[in-house]
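Beneath this line is the structure, given in structure tokens, with notes to follow.
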There are 2 protein chains.
Amino acid sequence: MADAHHREFKNRLYAQFARIGKALSSPHRLELLELLAQGERTVDSLATEMGLSLANTSQHLQALRQAALVESRKQGLYVYYRLVEPAVFDVCRAVRTLAEHRLAELDRLVREHFGERASIEPVRMEQLLERARAAEVVILDTRPVSEYAAGHIAGAISVPVDDLQQRLRQLPRNKEYVAYCRGPYCVYADRAVEILRGKGRRARRLLEGFPEWKAAGLPVETGAEV
Amino acid sequence: MADAHHREFKNRLYAQFARIGKALSSPHRLELLELLAQGERTVDSLATEMGLSLANTSQHLQALRQAALVESRKQGLYVYYRLVEPAVFDVCRAVRTLAEHRLAELDRLVREHFGERASIEPVRMEQLLERARAAEVVILDTRPVSEYAAGHIAGAISVPVDDLQQRLRQLPRNKEYVAYCRGPYCVYADRAVEILRGKGRRARRLLEGFPEWKAAGLPVETGAEV
DNA sequence: GTAGTATTCAATAGACTACTTGACTACTGT
DNA sequence: ACAGTAGTCAAGTAGTCTATTGAATACTAC
């Protein structure tokens, strides 16, 4: 048990597990993973969205690749990165869940920032599924068009939050709306709900985002339909 | 969207998630978590088992505590650490699973070390549950007595692997045995199977360990019965 | 109180990590 | 071939993490 050979094996074993942990130990890398959970993206677009330098972003992505969490393909000038498998998002979510359960500071942080949000009363995934089946609601995907194209909730229409103002007249007044976005901490859906309500529509947000919906095995669509 | 206030929030948010990731980024801390998944333990016993200095062990445990993964209680001279909730083990397992899926080096490492093990053909949890219900097998807990006492598979008897030789005569020859231990990479059960087979018993190991069994919600017992 | 043990604290040296900068490669369009 | 863009590589610096050491604290037994 205390023999050196076995200890050596154990150290190597846990060193391998720690490769995954190390990949998850940087805020920026976690954010990258969450963006990639929406669909594949180029280094450049990730860097721009996160406000990081290109070289820095590239290096973080390579750290993720060495931990076997992401892979890439090159197409023309661009390199597209994506998660290697859905299980990667599961791990991210497990980390997030634990943080939500146990970290008091996170709780405080979220309360401060989303103080108002409590009043909105989000829809849960199961509720939305039911109501969508009964065609009771219109589902709005408030993410950028590219993410909608990479995959979206079945039946949702793409209305990026920045375009919502202009497209309001296309959205009938007598319907009820549910907006969703990237995840529980993404504000796109919140803003959309705010705008819609300001214009007299009934609207709520989905608590979760598209990756959670997909991970739950609920119906999704991919492709070019608008 | 690109406003500084929102970026600030995002940075703090992911910094919180990264606290969990950081805790999982050290091989020694992962090993500590797996030992604690067997039940609460003192700093001293953890340090001895892992071959670390006491101070170092204590510091790692405090890192885990700051990430809200473990908590401690003091009883007399000793400080007992334990996982704060079962979800902590879930995260560890998610990390392990991902590593098993995707890290080629881990695969190689395990093959090298357990080359022989392939021949043993482990029992899966569901199979064991069925056969235990039908009283077809004797289940042996090969871990140290303290871990057995902290919780074990319902109906299992405690036979620490180091005591197995002496207790062989208590184990009838005509029964079939299934040994289990701490987890898939723990060798106690393997050794037990080897010894049992060497003495003419039919024996196999459970692929998973006690924490996995418990996490799956299968029947467990706690307490002082031997 | 004194001695002894378990644990934590504080300080430190060495290893590792993150981000920056500037050079370099790979590809596209002309 | 040439210019321009996306991405990677290499090297440097500031900061962080790990393990060690020795001192300090908290408790028990006498």
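Quick note on labels: first sequence line is chain A, next is B, and so on, each numbered from 1.
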Establish, with yes or no, whether the OP1 or OP2 oxygen of [N] is under 4.0 angstrom from a side-chain nitrogen or oxygen of [X].
X: A/Tyr81; N: D/dT8; answer: yes
X: B/Gln59; N: C/dA10; answer: no
X: A/Ser53; N: C/dT20; answer: yes
X: A/Ser58; N: D/dG7; answer: no
X: A/His60; N: C/dT17; answer: no

Is a salt bridge present between [X] and [Y], judged by a nitrogen-to-oxygen distance below 4.0 Å?
X: A/Glu212; Y: A/Arg96; value: yes
X: A/Glu31; Y: B/Lys10; value: yes
X: B/Glu105; Y: A/Arg12; value: no

Send over the distance from [X] [atom1] to [N] [atom2], rounded to a whole Å.
X: A/Leu61; N: C/dA18; atom1: CG; atom2: P; value: 13 Å
X: B/Gln62; N: C/dA10; atom1: CD; atom2: P; value: 10 Å
X: A/Leu46; N: D/dA6; atom1: CG; atom2: P; value: 14 Å

| Just wondering, are more than 12 heavy atoms of other shown residues or ligands nearer than 6.0 Å to CZ in B/Arg169? |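 12 or below, so no.
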| message | Taking the minimum atom-to-atom distance to the side chain of B/Arg65, which one of D/dG7, C/dT8, C/dC27 wins? | response |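 From the listed options, C/dT8 comes nearest.
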